[in-house]
Amino acid sequence: MNTAPELIRPAPAGPRLGEVLARGRDWLDQRGRLAWIAAMVLGFIAFWPVGLALLFYMIWSKRMFGCSKRSYSPRHVAQSTGNTAFDAYREQTLKRLEDEHREFMDFLAKLREAKDKAEFDQFMEKRGDKVDA
């Protein structure tokens with residue numbers, strides 16, 4: 001006589017769909033945006049809902065536009081190493097580098113403003129000569 005545990009067999013251990021999709025995503029990420037676009041085009045050719053799903057996924061995950069418009073987050077917090085002296089040194093160094101970066105960006109903005117003002121003043125001088133003539 002067969003008992004219930006003997007009739008229930010575990011499913012064969014194979015890769016799950018989520019794991020396969022994650023490996024495919026990682027593989028495409030290694031090859032860049034053109035690989036994603038090629039996969040999307042092939043998806044449209046093979047079966048249009050697949051291509052449409054890839055397009056929506058690329059837009060939702062910012063893979064379509066994310067590379068060209070990177071935002072700079074103010075600070076990345078790293079995990080503690082356990083060495084308090086090193087962690088304090090790392091924090092001070094990162095703060096100093098962030099301050100220097102901010103000062104440099106301010107300097108570049110002022111430099112651009114000065115260049116724009118000089119170009120505008122030169123334009124106005126030329127324009128004034130034409131109006132007087």
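A distance of 7.5 Å separates CH2 in W36 from CZ in R25, rounded to the nearest 0.5 Å. Put simply, CD on E98 and CD on E103 are 12.0 Å apart, with the number rounded to the nearest 0.5 Å. Between the CH2 atom in W48 and the CG atom in L55 there is a gap of 12.0 Å [rounded to 0.5 Å]. Here the straight-line distance linking atom CE of M40 with atom CD1 of I59 works out to 8.5 Å at 0.5 Å rounding. Atom CD in E113 sits 11.5 Å away from atom CG in L108 (nearest 0.5 Å).
For the residue pair D87 and S80, the shortest heavy atom distance occurs at OD2-OG, 2.8 Å.
Salt bridge R112/D116: absent, no basic N to carboxylate O contact under 4.0 Å. The pair D26-R23 does not meet the salt-bridge criterion, since no charged nitrogen lies less than 4.0 angstrom from a carboxylate oxygen. Electrostatic pairing of D106 and K110 does not count as a salt bridge here, judged by no charged N lying under 4.0 Å from a carboxylate O.
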| task | May I have the step-by-step check of salt bridge (Lys or Arg N to Asp or Glu O under 4.0 Å) for D99 and R96, ending in yes or no? | result | CA-CA 5 Å; D99 292 342; R96 180 181 53 84; over 6 Å; no

| task | In sequence, state the C-alpha distance, the side-chain angles, and the governing distance for K95 and E91, and then conclude on salt bridge (Lys or Arg N to Asp or Glu O under 4.0 Å). | result | CA-CA 6 Å; K95 183 175 179 355; E91 287 298 317; over 6 Å; no

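Note on W60 and L28: same hydrophobic cluster, where clusters join Ile, Leu, Val, Met, Phe, Trp and Tyr whose side-chain heavy atoms are under 4.5 Å apart, directly or indirectly. Placement of L54 and V20 in two distinct hydrophobic clusters is found when ILVMFWY residues are connected by side-chain heavy-atom separations under 4.5 Å, directly or transitively. Put simply, L97 and F86 are part of two different groups of oily side chains (I, L, V, M, F, W, Y) that touch within less than 4.5 Å, one to the next. M58 and L21 are assigned to two separate hydrophobic clusters, defined by single-linkage of ILVMFWY side chains at heavy-atom distances under 4.5 Å. Y57 and L52 fall within a single hydrophobic cluster, where Ile, Leu, Val, Met, Phe, Trp and Tyr are joined by side-chain heavy atoms under 4.5 Å apart, directly or via other members.
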